[in-house]
Structures are given as C-alpha cells and as structure tokens.
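Since we're looking at a predicted model, the values are computed, not measured. When a residue number appears, it is its place in the shown sequence, counting from 1. Read the numbers this way: they start at 1 and go in the same order the structure lists the ligands and their atoms. Values below: all heavy atoms of this structure, side chains included; hydrogens, waters and symmetry mates excluded.
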Amino acid sequence: MAKYKLEYIWLDGYEPVPNLRSKTTIKDFESFPTLEELPMWNFDGSSTQQAEGGSSDCLLKPVAVFPDTTRKNGALVMCEVLMPDGSPHPSNSRATILDDPGAWFGFEQEYFLMHNKRPLGFPEEGYPGPQGPYYTGVGYSNVGDIARQIVEEHLDLCLDAGINHEGINAEVAKGQWEFQIFGKGSKSAADQMWVARYLLSRLCEKYDVDVEWHCKPIRGDWNGSGMHCNFSTAYMREQGGKEYFEKLMGAFDKYKNEHIAVYGPDNHLRLTGLHETQSIDKFNYGVANRGASIRIPHSFVNNGYKGYLEDRRPNSQGDPYRIASRILQTVATVPTAA
Ligand code: ADP
Ligand code: MN
Ligand code: MN
Ligand code: MN
C-alpha cells in the first residue's frame, strides 16, 4: 500500500465562466488508482456559489484521472459536481454533453502570461513594438523573459499526465501563447483541457505569473485570445458530403446566437472582423478563411466534404464543456442520410 495524494478538481458556480477549484485527500492504494477505485467526495458549495449556507454540501464525482508528476504518488482527479441526491448540479456543464464516442474535439487554447498585470515582455510603461515578429518567434526580444520556460514545463506536465497535448506556439501578441489538446469522445478533450488549464495556472504560481484567460486583455491593435474548436463526428468523417455540410452550416447559422452565448464572455471585444476574426453578429464559413466563423480545412473539401471543421468563435475563457455541448446539440438537429 502507498499513500496517494488525490487532487480533486472541479468547476465552481461563478458566472459568466466557472473557476477551477481543488483540494487534496490522501488515500491508500496498491498502485495508481483507476477511475472506478476513486471515491466520491464533497465540498462546501456555499463558498463556491453552488449552495446556500444552510445545506451546503455538494458531491464530487470523479470522471477522469491523470498522474501528477510534481508530487510523490500524485493524481489529478477531474470531477463533476452533483447535488446531494446524486443529480447533476445546475453548474455542471459536463453533464449536458451528449454521449458520443465518435465525436472528436481539438481545442486551441490561447492565453497571455502576465506579471504585475502586464503581459510578459511588455515594458513597465507603454508598449513593446507592434505585432509582427512575435507569432512563432524566437529570441529574447520576441518571446523572452521566462515565458518559454513556463510553456515548456507545462508541456512536460501535460505529457507526463497522459494529456493528449498536441503542440505549442508563440502567438501574435507579445506575451501570448497557445497550446492544443485533442480527444476522442464527446467529453475527453474538454476534460483534458480543464486539467491542462489547472496545471498551467498552478505552475505559474511559483513564477509570480498569472495566466490571463480573458479574450481581450490588451485593447487596441493587439490580438485577442481564442479557443478555436475543431470538431468532427463519425458521420462527418466517414459519410459527410456537400449536401450534409450545407445543411450543417445552415443549422450553425440558425443557432448562431445560442453558440455565441456559450463561447465565452466579452467576445464582442474580440470578434470584431479584425485580427483574423468574423464579427460577433455574423455567421459565415469559408475554405482556409481565417476571417470566417467556421474555417473549412482544404483537406475537408479535397476529401469530398469529409473530415473536421474549425469553429473559430469560441474564446480563450470559454468553458470547453459548454462549447462541446452546444456544437453537438446543433449537429444533432441535422438529419443524416442513412
Ligand atoms: P490552426 O492553428 O491552423 O488552426 P492547429 O494545429 O493549432 O491549427 O489546431 C488544429 C486542431 O485540429 C488540433 O487541435 C487537432 O487535434 C484538431 N483536429 C485534427 N483532426 C481533427 C478531427 N478529425 N476532429 C477534430 N479535431 C481535429
Ligand atoms: Mn492553432
Ligand atoms: Mn492561434
Ligand atoms: Mn485555429
């Protein structure tokens, strides 16, 4: 037997977007625990905007577990929040996602690293040189400070945890970065994204750095942060076709407001039609068009309208559970041929 440090992680009840919360419990296991072996736990919902003081217990139900190599015998346990009777808490956006093992999601998380409320690499007053050299840049003046060290450490933490991290790049604004997470199954990529966000925020504590998830932290001619959502279903990958694709885009157009509602707060500051975005009140799609709401990869058209699509509207602060949930809800309104 060994003492395992289980970090139970969940989303609180704050709006418009939830915050990550976590606490540790020590339990004995013969070896690294499986999901089935992990017990339910509880917390004080009155401190997280999830309950009244009089009856404050909420339940934590483990839904995914990952090794935490920063701790001896450490595990990261992603949880759903349940009511005392075991039903999903109203804040539990994960529980609203349709179960679909054939749905695949790839999220591209953009964010800024901040020290004293300024992006890393910004001078103490004023601004650095204009955007241009920073995207995928190299060298102290372009991406300098400790940013790359943080980004590399975060990558290793994710890979060690078994998170399906797919890559990194320095982004268009100074101090802005991106990582990508991919997962098969309707909830997997979103689970992994929340744990990857947790690892990044926790890692930055020791550097006196905060992660800025807001979609437009620097006004003016500085890119905002998105979280492009690449998605496909088994039908889109295997059957697809132009007719189905056009019906699908019709449904995305019809429900554009419902999508924007869960694509992250303050998105009007980012979806302006500038900086590689479409305006928030318009829906369009286009092949390889980075100014479109939905970008169609060249491969999609070349393969007979089969494959995945990129919804470019979700922002960096969006809840990937709500985003995946809404996309699958809209996809489900479109009849398939078979
Ligand atoms: P870009 O910056 O050009 O938009 P990225 O390489 O940053 O592209 O991100 C592309 C994303 O698409 C990755 O997260 C990848 O996992 C995801 N992806 C690739 N194939 C599929 C697929 N069939 N279904 C869903 N997502 C996919
Ligand atoms: Mn990208
Ligand atoms: Mn990007
Ligand atoms: Mn993208």
**OP:** Would you mind naming the N, O or S atom of Glu171 nearest to the Mn ion (ligand 3)?
**Re:** OE2

**OP:** Anything protein N/O/S under 2.8 Å from the Mn ion (ligand 4)? Just list residue and atom, please.
**Re:** Glu108 OE1, Glu108 OE2, His228 ND1, Glu310 OE2

**OP:** Pick, from Phe231, Tyr308, Trp104, the option with the minimum heavy-atom distance to atom 19 (C) of ligand 1.
**Re:** Tyr308

Subject >> For Arg295, atoms of ligand 1 separated by under 4.0 Å from a heavy atom >> reply: 1 (P), 3 (O), 4 (O)

Original post:
Parallel under 30°, tilted from 30 to 60°, perpendicular over 60°: which one fits the rings of Tyr321 and Trp194?
Top reply: tilted

Subject >> Nearest neighbour in protein (non-hydrogen) for atom 27 (C) of ligand 1 >> reply: Phe182 CE1, 3.7 Å

**OP:** Give the residue, atom name and distance (to 0.1 Å) of the protein heavy atom nearest atom 13 (C) of ligand 1.
**Re:** Glu166 OE1, 3.5 Å

Subject >> From CA spacing to verdict: ring-ring contact (aromatic ring centres under 6.0 Å, His included), Phe122, Trp222 >> reply: CA-CA 12 Å; Phe122 269 49; Trp222 296 92; 5.2 Å; yes

Subject >> Part of Arg290 within contact of ligand 1 (heavy atoms, under 4.0 Å) >> reply: side chain

Original post:
Which of the atoms in ligand 1, numbered in the order shown and given with their element, are less than 4.0 Å from a heavy-atom of Gln180?
Top reply: 7 (O), 14 (O)

Subject >> Of all N/O/S atoms in Glu110, the name of the one nearest the Mn ion (ligand 3) >> reply: OE2

Subject >> pair Asp281-Ile260: side-chain heavy atoms closer than 4.5 Å >> reply: no

Subject >> Per-atom contacts of ligand 1 with Glu178, taking only distances under 4.0 Å to non-hydrogen atoms >> reply: 7 (O)

Original post:
Are Arg202 and Asp68 ion-paired here, with the side-chain N under 4.0 Å from a carboxylate O?
Top reply: yes

Subject >> N, O or S atom within Glu178 nearest to the Mn ion (ligand 3), by name >> reply: OE1

**OP:** Using a strict cut-off of 4.0 Å, indicate which atoms of ligand 1 neighbour a heavy atom of Gly106.
**Re:** 14 (O), 26 (N)

**OP:** Return yes if a side-chain donor-acceptor contact under 3.5 Å exists between Arg71 and Thr24, otherwise no.
**Re:** yes

Subject >> Within 45° cone of Tyr255 ring axis and under 6.0 Å: Arg326 NZ or CZ >> reply: yes

Original post:
In terms of side-chain heavy atoms, does Tyr263 have a donor or acceptor partner in Asp311 at a distance below 3.5 Å?
Top reply: yes

Subject >> Distance in Å, Asp100 CG paired with Lys187 NZ, rounded so as to fall on 0.5 Å steps >> reply: 11.0 Å

Subject >> Heavy atom of the protein closest to atom 24 (N) of ligand 1 (residue, atom name, distance) >> reply: Ser232 OG, 2.8 Å

Original post:
With a cut-off of 6.0 Å (strictly less than), are more than 12 heavy atoms of other residues, nucleotides or ligands near NZ of Lys23?
Top reply: yes

Original post:
What's the shortest distance from atom 2 (O) of ligand 1 to any protein heavy atom, and which residue and atom give it?
Top reply: Glu108 OE1, 3.0 Å

Original post:
Near Glu243 CD, under 6.0 Å, is it more than 12 heavy atoms from other residues, nucleotides or ligands?
Top reply: no

Original post:
Can you find a heavy atom in the side chain of Pro90 that is under 4.5 Å from one in the side chain of Met83?
Top reply: yes

Original post:
Among protein heavy atoms, which sits nearest to atom 11 (C) of ligand 1, and what does the distance come to when rounded to 0.1 Å?
Top reply: Asn230 ND2, 3.2 Å

Original post:
Judged by modelled atom types alone, do Asp266 and Gln317 share a side-chain donor-acceptor pair under 3.5 Å?
Top reply: no

**OP:** Keeping to residues at least two apart or across chains, list the ring-ring contact (aromatic ring centres under 6.0 Å, His included) pairs with something in residues 61-99.
**Re:** none

Subject >> Heavy-atom nearest option to atom 4 (O) of ligand 1, drawn from His228, Lys184, Arg312, Glu310 >> reply: Glu310

